[in-house]
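Take a look at the structure below.
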2 protein chains.
Amino acid sequence: MSQRSPAKSLSENQNLLSQNLSDTLIEAIVSGQIAQGEKISEPELARHYGVSRGPLREAILKLQGIGLVERVPHVGARVVQLNQQQLLDIYSVREALEGMACRLAAEQLSTIQLDELKKLLEHHQSYLQQHQGKAYFEQQGDFDFHYLIIKGSANQRLVNLLCDELYHLLRMYRYQAAKQVSRPERALKEHWAIWQALADRDGELAEMLMRRHIARARKAIEQQHQTNLTDQSLEAQASATHIQGVNE
Amino acid sequence: MSQRSPAKSLSENQNLLSQNLSDTLIEAIVSGQIAQGEKISEPELARHYGVSRGPLREAILKLQGIGLVERVPHVGARVVQLNQQQLLDIYSVREALEGMACRLAAEQLSTIQLDELKKLLEHHQSYLQQHQGKAYFEQQGDFDFHYLIIKGSANQRLVNLLCDELYHLLRMYRYQAAKQVSRPERALKEHWAIWQALADRDGELAEMLMRRHIARARKAIEQQHQTNLTDQSLEAQASATHIQGVNE
DNA sequence: TAAGCACATATTGTCGACAATTATTTGATC
DNA sequence: GATCAAATAATTGTCGACAATATGTGCTTA
């Protein structure tokens, strides 16, 4: 564990220690303060945050529910290590769930909510033109758009699944992964198309567009993975050649 | 709380108290031993199962993660009370997720797994012809079919979401709800159609059929709800008339 | 030298007790 | 008799300590 934040300890606690703890831990994991695959030591963390092991264990259990950590009986918990396959799995789930959310939102969104969405997209558009697509909108902005639609589905279970469980995993990936190939212009275009379908109350189309939107992101990850593998093998080849050269 | 099972207490514990506890609690809730909406008293349950409150709390926390109980800080946990809307929400989620599972399964299922599925359906068919569609296959049999497909998707996250989280909620509903209108013959027919699409490796069709299959079940619930409402209002009307009659 | 076993250490699982908060009862007032 | 307030009781949240299990170390033996 590399220098956890200097003991913000009791943090902005209103009450409920374990609640705050799990939030703090989520941030620590998502931001990489606790690395992927790292062991979570109960005594160490308890000391660090200045709490007993009881609330800490409860927080860890919650993280396990979210899927951020995995626990083995009598051995302990470690932060999950997202491999490419798991990431792709998540995107398949997202495609299914957010597609459904979009379909429902087309029926449920109020005109006010539709307006908010429109303003959000206009904001993104102007930002994109001015800043040539900087990181902020590729991340937070994208989240905002999807968030509003999910919430607009008015399906509480859908909202929980996407916003509470999968959300943090995606954040962790986006935060820590090698910067993915991002095409903010294209993404924005797709967002507009989705918005149009929503405004037309065309749930079927909205679902299809959202699914394609996410499926494209999934494919991009897949391709990047291929690229990485190629790079790696090239690198390994070069390295091997180099060593060979040295040896001879 | 109406007579919990006579203290099977430590149950078939291998090790890991909280693990066994959560399983035991899940069964108790699903089967209705602990009623929907009932308060979960930590001291009482701890006494009943002969454990400390520590493991019990962990088990409750897990149930919360599954969605079987809801907790309010400093107040406690109670078993969720599924209303019609929440049930319909679950079916929407199922439609999305199992649809995706079916699409993936079409690509992933081995010929052996396809054969297993076929045998299962043949078994159901013969049973149905012999027993005129008794309850077992409407419940467990249906679960088995969906289970195999979900597992066959080879998407671990999908499997977890459906088999660990939503599964118990559905069981609780099916176990406790007023018997739903069930059409085992039609369901079996739909299962066969899905199987055919899977065998043809037609993921797109398989997804569509599965979604329709679940959407139909959802509609049946919706209609039954309408019926119940009508019955209720009729009943209320009759009752009111009766009272009126008595008063006059 | 490598493999296997015994011991020591550390970590996780469980427990009982205390503190903080909520629910209930009691009593007083209108 | 009803309503509100205070005191009591009960429940949840947190803590520290002990028991059970896993990990690491050093020694023996093939």
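Small disclaimer: the values here were computed from a predicted structure and weren't measured. First the proteins, then the strands, lettered A, B, ... as listed; each starts at 1. Side-chain atoms are counted along with the backbone in the values below, which use heavy atoms only and exclude waters and symmetry mates.
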Sequence neighbours excluded, which residues qualify as side chain to side chain donor-acceptor pair (under 3.5 Å) partners of B:Ser22? none
So, B:Glu98 side chain and B:Ile214 main chain: donor-acceptor pair closer than 3.5 Å or not? no
Flag, side chain of A:Gln113 to backbone of A:Ser110, donor-acceptor distance under 3.5 Å: yes
Applying side-chain contact (heavy atoms from CB on, under 4.5 Å), can you list everything that pairs with B:Glu222, at least two apart in sequence or on another chain? B:Leu88, B:Arg218, B:Lys219
Of all residues at least two apart in sequence or in a different chain, which pass the side-chain contact (heavy atoms from CB on, under 4.5 Å) check with B:Ser52? B:Pro55
Nearest-angstrom distance from the residue atom [atom1] of [X] to [atom2] of [N]:
X	N	atom1	atom2	answer
A:Glu58	D:dG13	CD	C1'	8 Å
B:Gln19	C:dG13	CD	C1'	13 Å
A:Leu21	D:dG13	CG	C1'	13 Å

Using atom names, set out every protein N or O paired with an N or O of nucleotides 5-7 of chain D below 3.5 Å, distance rounded to 0.1 Å.
none

Salt-bridge present (B:Glu27, B:Arg171; N to O < 4.0 Å): yes
Check A:Arg78 against A:Gly37 and note the closest heavy-atom contact, atom names and distance. NE-O, 3.1 Å
Hey, what are the protein-to-nucleotides 10-12 of chain C N/O distances that come in under 3.5 Å?
{"from": "C:dT12", "atom 1": "OP1", "to": "A:Lys39", "atom 2": "NZ", "distance (Å)": "3.4"}
{"from": "C:dT12", "atom 1": "OP1", "to": "A:Ile40", "atom 2": "O", "distance (Å)": "3.4"}
{"from": "C:dT12", "atom 1": "OP2", "to": "A:Glu42", "atom 2": "N", "distance (Å)": "3.3"}

Taken in chain and number order and not counting sequence neighbours, the residues that satisfy ring-ring contact (aromatic ring centres under 6.0 Å, His included) with A:Tyr167 are A:Phe143, A:Tyr147
